[in-house]
There are 2 protein chains.
Amino acid sequence: MVEETLSSLPGYALRRAANAMTAELASRLAKHDVRIVDATVLLLIATKPGATASSIGRTLDIQRANMVPLLKRLEDAGMIGREPIDGKSQGLVLTEEGKARFPAIRRTLEAFEQDLLARVPAEHREHLLPALNALWK
Amino acid sequence: MVEETLSSLPGYALRRAANAMTAELASRLAKHDVRIVDATVLLLIATKPGATASSIGRTLDIQRANMVPLLKRLEDAGMIGREPIDGKSQGLVLTEEGKARFPAIRRTLEAFEQDLLARVPAEHREHLLPALNALWK
DNA sequence: TATTGTTATACTCTATAACTATA
DNA sequence: TATAGTTATAGAGTATAACAATA
């Protein structure tokens, strides 16, 4: 009865669903030794080589200050490199090792998204993405 | 273009939507000096007076160890009290102050849920809750 | 033996303020 | 003046291990 009260609340269900799916994805990505945010940043760098830390932070709503340890982690792992654009900006690129390792990470991301959608009953499936995007975009 | 790649991913949209809505609710509840998890625990105690810390933790998937500072915070705020059930369990109840303050908190929760649903386009609205519940229940 | 409540601890994520250097 | 990168720090949420006392 208490549980039913909670699961009738979309805000509560939203948080629980996000927590469950985040834990699931984090677990799958751990096999590649990357975090969710790492994989997302790698996806952006792969899609747009030469992007700056600031631009990536703006796209993902990550504070500039929090990009520093994140990028250091990826750099220490040998997956990304920095190429000076001018005296103040740096373009981020995948290293050879990054290019070698990223496809498996991308496949993990894509498999996760497919499996997530597969868990949603068919009659609700096409409504999920537009409903969610209306809540933050 | 990069943004469009990201927002076509339901898992990404799920995390962004949850983060946005969580920040919004936290901001509204801050006016009542409670956190989201505090308000949720108060809701459970109000619904089922005498529930134990362990049972509430199981319902909300909060570790027993993490219930301790949470309940201490609500106790220090004068909103909940503990009534011994036996030598090892304690039933949690709202104090007079808790009963006085909780209705405004409940109204904030209800208004938030209504506003959240109102942001979802009408044709998707009824699909959101069942889709989300399929992802974690 | 299992459960309740507790202490201690650590990690992740996120937010803010402030600084340097460059556009 | 605005922006890029950085350092330091703090709050919040969450996870694990271990313990004493009681069911």
Side-chain angles (χ1 to χ4, degrees), chain A residues 11-12 14-27 29-30 33-41 45 50-77 80-92 136, chain B residues 12 14-30 33-41 45 50-77 80-92 136:
Chain A
Y12 180 77
L14 177 61
R15 261 170 284 128
R16 290 300 297 261
N19 288 346
M21 291 299 98
T22 297
E24 166 71 18
L25 178 55
S27 166
L29 287 172
D33 286 312
V34 291
R35 303 181 188 176
I36 293 176
V37 69
D38 296 346
T40 312
V41 167
I45 297 176
T52 65
S54 288
S55 72
I56 289 176
R58 278 191 295 271
T59 300
L60 298 180
D61 270 350
I62 299 174
Q63 308 293 323
R64 277 199 325 282
N66 294 329
M67 292 295 295
V68 176
L70 192 166
L71 294 177
K72 181 175 189 312
R73 188 166 59 235
L74 290 174
E75 198 175 20
D76 289 349
I80 66 168
R82 314 187 193 221
E83 297 177 342
I85 294 175
D86 54 31
K88 130 172 126 164
S89 297
Q90 314 167 343
L92 300 169
W136 72 274
Chain B
Y12 180 78
L14 177 61
R15 259 169 287 127
R16 290 299 299 260
N19 288 347
M21 290 299 98
T22 297
E24 166 72 19
L25 178 55
S27 166
R28 295 193 190 189
L29 287 172
D33 287 311
V34 290
R35 304 180 188 178
I36 294 176
V37 68
D38 296 347
T40 311
V41 166
I45 296 175
T52 64
S54 287
S55 71
I56 289 175
R58 277 190 296 271
T59 299
L60 298 179
D61 270 349
I62 300 173
Q63 307 294 324
R64 278 201 320 286
N66 293 330
M67 291 295 295
V68 176
L70 191 166
L71 294 176
K72 181 176 189 310
R73 188 167 59 238
L74 291 174
E75 197 175 22
D76 289 349
I80 66 168
R82 315 189 193 220
E83 297 178 342
I85 294 175
D86 54 32
K88 130 173 126 165
S89 298
Q90 312 167 345
L92 300 169
W136 72 274

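No experiment lies behind these values; they were computed from the predicted model shown. First the proteins, then the strands, lettered A, B, ... as listed; each starts at 1. Hydrogens, waters and symmetry mates play no part in the numbers below; they use all other heavy atoms, side chains included.
Evaluation of the side-chain contact (heavy atoms from CB on, under 4.5 Å) rule for A:E24 yields A:R28, A:F112 as partners, not counting sequence neighbours. Applying the side-chain contact (heavy atoms from CB on, under 4.5 Å) test to A:A18 and every residue at least two apart in sequence or in another chain returns B:L14, B:A18. By the side chain to side chain donor-acceptor pair (under 3.5 Å) test, B:E83 is found to be paired with no residue, residues two or more places apart in sequence or in another chain being considered. Looking at residues two or more places apart in sequence or on another chain, you find a salt bridge (Lys or Arg N to Asp or Glu O under 4.0 Å) between B:R82 and B:E75.
Rounding to the nearest 0.5 Å gives a distance of 13.5 Å between CG of A:L25 and CZ of A:R35. Once rounded to the nearest 0.5 Å, the distance linking OH of A:Y12 with OG1 of B:T40 reads 7.0 Å. Rounding to the nearest 0.5 Å places CG of B:L92 at 7.0 Å from OG1 of B:T52.
Contact check of residues 64-76 of chain B against DNA chain D (heavy atom, cut-off under 4.0 Å) returns B:A65, B:N66. Sorted by residue number, the members of residues 51-63 of chain B with any non-hydrogen atom under 4.0 Å from DNA chain C read B:T52, B:A53, B:S54, B:R58.
If you measure from atom CG of A:N19 to atom C1' of D:dT14, you get 10 Å, rounded to the nearest angstrom.
If you find the closest nucleotide of DNA chain C to A:V37 and to A:K88, the one lying nearer the 5' end belongs to A:V37.
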Determine all donor-acceptor pairs shorter than 3.5 Å in which one atom belongs to a side chain in residues 59-74 of chain A; sequence neighbours excluded.
| residue | atom | partner | partner atom | Å |
| --- | --- | --- | --- | --- |
| A:T59 | OG1 | A:S55 | O | 3.1 |
| A:D61 | OD2 | B:R16 | NH2 | 2.6 |
| A:K72 | NZ | A:D76 | OD2 | 2.7 |
| A:R73 | NE | A:D38 | OD1 | 3.4 |
| A:R73 | NE | A:D38 | OD2 | 3.2 |
| A:R73 | NH2 | A:D38 | OD1 | 2.7 |

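In summary, contact between chain A and DNA chain C, defined as any nucleotide atom under 4.0 Å from a heavy atom of the protein, begins and ends at C:dT12 to C:dA23 in the 5' to 3' direction.
Across A:V34 and A:A39, no two heavy atoms sit closer than the pair CG2-CB, 4.5 Å.
The shortest side-chain heavy-atom distance between A:T22 and B:R15 falls under the 4.5 Å cut-off.
No contact: A:R15 has no heavy atom under 4.0 Å from any strand.
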